[in-house]
Amino acid sequence: MIRKITLFFSCILSVSAFAQQTGCTKFKNGTFKVTDPASKQTCIITRDGNTQTEKMEASDETYDFDIVWIDDCTYTVTPTPATAARNKEVLKAGTMTVRIIKAKDNSYTQRVTVATNPKFRRVDEVFLVESK
């Protein structure tokens with residue numbers, strides 16, 4: 001009986017993990033916004049293919065990043081050479097790894113880590129901006 005229960009829960013967990021994975025793919029491309037809880041500034045993110053562009057709402061400056069998808073819910077973001085040349089500050093963070101840990105209909109929760117700074121951890125809810 002214990003084996004059957006264990007098998008049942010293993011199947012449920014596998015189905016749940018698969019459902020979460022496939023829910024992430026809808027966030028690979030599009031326009032999104034996220035608000036920094038500390039500064040209250042909102043960043044608009046446009047993701048298209050292997051490129052991500054970020055722009056703070058209160059600024060005209062944009063930052064471009066190269067994206068490499070590791071799996072349906074995990075990707076790395078690295079500043080493009082042009083962005084790094086314009087703003088050396090973005091090089092301090094280096095490559096960031098973003099993991100979508102919860103996908104909803106119009107938003108997702110992400111966990112961001114930085115390889116060069118193992119203590120850095122950030123969790124944000126990112127909202128899909130609907131096309132007009």
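As the structure is a computational prediction, the values presented were derived from the model and not from experiment. Numbering starts at 1 and runs along the sequence shown.
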Q: Give, for atom CG of Asn87 and atom CD of Glu61, the distance between the pair rounded to the nearest 0.5 Å.
A: 5.5 Å
(Q) To the closest 0.5 Å, what do you measure between CG (Asp48) and OG1 (Thr31)? (A) 9.0 Å
**Q.** same_hphob_cluster(Phe32, Phe127) at 4.5 Å side-chain heavy-atom cutoff
**A.** no
Q) Would you say Ile100 and Val129 are hydrophobically clustered, going by side-chain heavy atoms of ILVMFWY under 4.5 Å? A) no
Q.
For residues 32-42, which residue pairs pass the salt bridge (Lys or Arg N to Asp or Glu O under 4.0 Å) check, not counting sequence neighbours?
A. Asp36-Arg122
Q | Asp124 side chain reached by Pro37 side chain, heavy atoms, under 4.5 Å | A | yes
Q) Do you know which two heavy atoms are closest between Gly94 and Pro79, and how far apart they sit? A) O-CD, 3.9 Å
Q) For the residue pair Gly49 and Ile67, what are the closest heavy atoms and their distance? A) O-CD1, 4.4 Å
Q: To the nearest 0.5 angstrom, please state how far the CD1 atom of Ile45 sits from the CD atom of Gln52.
A: 5.0 Å
Q: Only counting residues at least two apart or in another chain, list the ones meeting side chain to side chain contact (heavy atoms under 4.5 Å, CB included) with Thr62.
A: Thr53, Lys55, Arg86
Q. Under 4.5 Å between side-chain heavy atoms, hopping through other hydrophobics if needed: is there a path connecting Met56 to Val126?
A. no
Q: Looking only at non-hydrogen atoms, find the nearest pair between Gly23 and Ala103 and report the distance.
A: O-CB, 3.9 Å
Residues 104-113, side-chain donor-acceptor partners within the protein, below 3.5 Å, at least two apart:
from, atom 1, to, atom 2, distance (Å)
Ser107, OG, Glu125, OE2, 2.7
Tyr108, OH, Arg47, NH2, 2.9

Q | salt bridge (Lys or Arg N to Asp or Glu O under 4.0 Å) partners of Glu89, counting only residues at least two apart | A | Lys92
Q | Test side chain to side chain contact (heavy atoms under 4.5 Å, CB included) applied to Thr76 - qualifying residues, sequence neighbours left out | A | Val68, Ile70, Thr95, Thr97
**Q.** Common cluster, Val98/Ile44, ILVMFWY with side-chain heavy-atom separation under 4.5 Å
**A.** no
Q: Would you please name every residue forming a salt bridge (Lys or Arg N to Asp or Glu O under 4.0 Å) with Asp64, sequence neighbours left out?
A: none
Q) How long is the gap from SG on Cys43 to OH on Tyr63, to the nearest 0.5 Å? A) 9.5 Å
(Q) Would you compute the distance between atom OG1 of Thr116 and atom CE of Met96 and round it to the nearest 0.5 angstrom? (A) 10.0 Å
Q. Rounded to the nearest 0.5 Å, how far apart are OG1 of Thr80 and CG of Asn50?
A. 13.0 Å
